[in-house]
Every structure is written in C-alpha cells, then in structure tokens.
Amino acid sequence: NALVRNLSSVETLGSTTVICTDKTGTLTMNDMAVRSVLPVAPEAETLLYRVAVLCNNASFEKGEEVGDPMEVALLKAASERGADLAAIREEFPRTGEVPFDSRTMTMMTSHGDYRALKGAPERLLNELDSLWSESGNRPISESERERWLGEISRIAGKGMRSLAFAWGDEGKELAFVGLTGIIDPPRPEVAESVKACHEAGIHV
C-alpha cells in the first residue's frame with residue numbers, strides 16, 4: 001500500500017538481503033526495567049541500590065521521568081525495593097563525576113569520602129581485585145571471578161543487559177558489589193516482522 005515515485009526503488013527493495021536496524025525504541029519498547037538483582041551477598045543488596053542511585057543522573061521531576069532510560073530503570077528498581085532516593089542523595093551529596101566513557105565503559109561519581117562506580121561487568125570484574133564484604137573488602141579469587149562472568153553470560157542468555165556496580169573509600173580500591181539484569185521488551189509486532197524477513201531470505 002505504498003506509492004513509489006521511482007520505479008527503480010522497487011528493484012532496490014526487491015534485492016535487499018540484509019536489514020541493519022537500531023534496537024532501542026525501534027525493535028524494543030524503549031521501556032527498560034530491572035529484572036534481576038545479584039548482590040555479592042544478601043547484606044550487599046542495600047549498598048547495590050545505593051550505588052545505583054548515586055552513580056546516576058536520572059531523576060523524577062513532578063511525576064516525569066528525566067534522563068537515560070537505563071538510569072531511570074535503576075531508580076525505579078531501587079524505589080520499588082524501599083530505597084528513599086532523596087534521602088540517599090542527601091546523605092551522600094555528589095562532589096565529583098567522571099561521566100560515562102565508551103573507552104572505559106564506566107561512570108564514576110564521588111561523594112565526599114566515597115566513590116560509586118557502574119559499568120560493563122566484564123570490564124569491572126577484570127579490573128577490580130576486591131569483593132565487598134560487611135566485615136571488610138576481601139580479594140576476589142579466580143574461581144569467583146569466573147563464577148561472576150558465568151552469571152553475566154546467564155543474564156545475557158535471557159536477553160537482558162547486565163550492569164555491574166562497585167563502591168569504596170576515596171583514594172582506596174573499589175570493591176565489586178554485584179550485578180543487575182535489565183530488559184527492554186521487544187515490540188509485539190517485531191517477531192512477525194523479523195519472521196517475514198527471514199522467510200523472504202533477508203537477514204536482520
């Protein structure tokens with residue numbers, strides 16, 4: 001049901017073999033939500049949400065969500081699990097920020113004597129040498145590192161984006177706190193569209 005101005009365009013469309021498409025907002029709903037939370041220990045869950053709230057530039061203003069959808073999803077998850085977003089940010093006011101960098105794949109914020117870090121899990125696990133513990137940070141063993149890398153693969157296998165978090169004192173090494181799995185559901189019509197492409201011999 002389309003009008004074609006140039007007949008050659010039909011030939012071009014008919015010879016298509018590959019479609020390269022954006023994902024977020026095109027194939028997906030652009031409505032991210034945290035589906036999995038994996039702290040290094042049960043007592044680290046509160047700290048994980050603290051890091052997620054502090055190392056975050058999103059906000060809720062007059063009932064409106066402001067900021068990156070992934071960061072908004074983190075705030076929603078923390079709030080739904082009882083975290084007081086305003087109180088956390090008031091207790092740990094931001095004193096500095098290293099914005100997200102595509103080379104380091106991380107973002108870090110400073111809060112007086114503390115630092116909060118979030119970023120690509122593989123990068124954090126390869127660079128951090130400590131796991132957070134209630135009794136004090138402890139070295140992360142190779143077997144533990146492999147176990148967490150396995151968790152990242154498991155999260156990815158469920159179609160989720162994984163994100164890692166770390167926390168520590170200013171001037172000292174940061175400690176790994178845990179992971180979250182975030183999903184952006186596909187649009188309902190996408191499955192049928194992709195199926196039609198495959199049946200026509202087109203790779204998506």
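These numbers come from the heavy atoms of this one structure, side chains and all, not from hydrogens, waters or symmetry mates.
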Short side-chain to backbone donor-acceptor contact, [X] and [Y], under 3.5 Å:
{"X": "E173", "Y": "D129", "value": "yes"}
{"X": "R94", "Y": "C55", "value": "no"}
{"X": "R81", "Y": "T46", "value": "no"}
{"X": "S15", "Y": "T12", "value": "yes"}
{"X": "S79", "Y": "K76", "value": "no"}
{"X": "S110", "Y": "T95", "value": "no"}

Mind checking whether [X] and [Y] have side chains closer than 4.5 Å, heavy atoms only?
{"X": "R50", "Y": "H111", "answer": "no"}
{"X": "R154", "Y": "L38", "answer": "yes"}
{"X": "L174", "Y": "L124", "answer": "no"}
{"X": "T17", "Y": "H203", "answer": "no"}
{"X": "F92", "Y": "T109", "answer": "no"}
{"X": "T104", "Y": "V98", "answer": "no"}
{"X": "M105", "Y": "F100", "answer": "yes"}
{"X": "Y49", "Y": "I88", "answer": "no"}

How close do [X] and [Y] get, heavy atom to heavy atom, and via which atoms?
{"X": "A52", "Y": "L75", "value": "O-CD2, 4.5 Å"}
{"X": "P121", "Y": "S162", "value": "CG-OG, 3.3 Å"}
{"X": "P186", "Y": "M29", "value": "O-CG, 3.9 Å"}
{"X": "E71", "Y": "A58", "value": "OE1-N, 3.5 Å"}
{"X": "W132", "Y": "V40", "value": "O-CG2, 3.5 Å"}
{"X": "A166", "Y": "V51", "value": "O-CG1, 3.7 Å"}

Return the [atom1] to [atom2] distance between [X] and [Y], rounded to the nearest 0.5 Å.
{"X": "E151", "Y": "S36", "atom1": "CD", "atom2": "OG", "value": "7.5 Å"}
{"X": "D184", "Y": "M70", "atom1": "CG", "atom2": "CE", "value": "11.5 Å"}
{"X": "R5", "Y": "L7", "atom1": "CZ", "atom2": "CG", "value": "14.0 Å"}
{"X": "T180", "Y": "R35", "atom1": "OG1", "atom2": "CZ", "value": "12.5 Å"}
{"X": "I202", "Y": "I19", "atom1": "CD1", "atom2": "CD1", "value": "5.0 Å"}
{"X": "T24", "Y": "D31", "atom1": "OG1", "atom2": "CG", "value": "11.5 Å"}

request  = From the options V53, N56, D68, select the one residue that forms a side chain to side chain contact (heavy atoms under 4.5 Å, CB included) with L74.
outcome  =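 Of the listed options, the one satisfying the test is N56.
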query = Which of these passes side chain to side chain contact (heavy atoms under 4.5 Å, CB included) with V190: L27, T28, V204?
reply =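 Answer to the side chain to side chain contact (heavy atoms under 4.5 Å, CB included) test with V190 among L27, T28, V204: L27.
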Same apolar cluster (I L V M F W Y, side chains within < 4.5 Å links), [X]/[Y]:
{"X": "V34", "Y": "M107", "value": "no"}
{"X": "V37", "Y": "M32", "value": "yes"}
{"X": "I155", "Y": "L149", "value": "yes"}

request  = Look at the rings of W167 and Y114 and say which category their plane angle falls in: under 30° parallel, 30 to 60° tilted, over 60° perpendicular.
outcome  =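 Because their plane-to-plane angle is under 30°, the rings of W167 and Y114 count as parallel.
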query = If you count the non-hydrogen atoms of other residues, nucleotides and ligands that lie under 6.0 Å from NZ in K23, is the total more than 12?
reply =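 Result for NZ/K23: enclosed.
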key: Heavy-atom neighbours of E189 CD exceed 12 at 6.0 Å   =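 Yes, CD of E189 has more than 12 neighbouring heavy atoms, counting only those of other groups under 6.0 Å.
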request  = Determine, for E144 against R147, whether the closest basic-nitrogen to carboxylate-oxygen distance falls under 4.0 angstrom.
outcome  =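 R147 and E144: not salt-bridged.
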query = Hey, are E97 and N57 close enough side-chain-wise for a donor-acceptor pair under 3.5 Å?
reply =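 Yes, a side-chain donor-acceptor pair sits under 3.5 Å.
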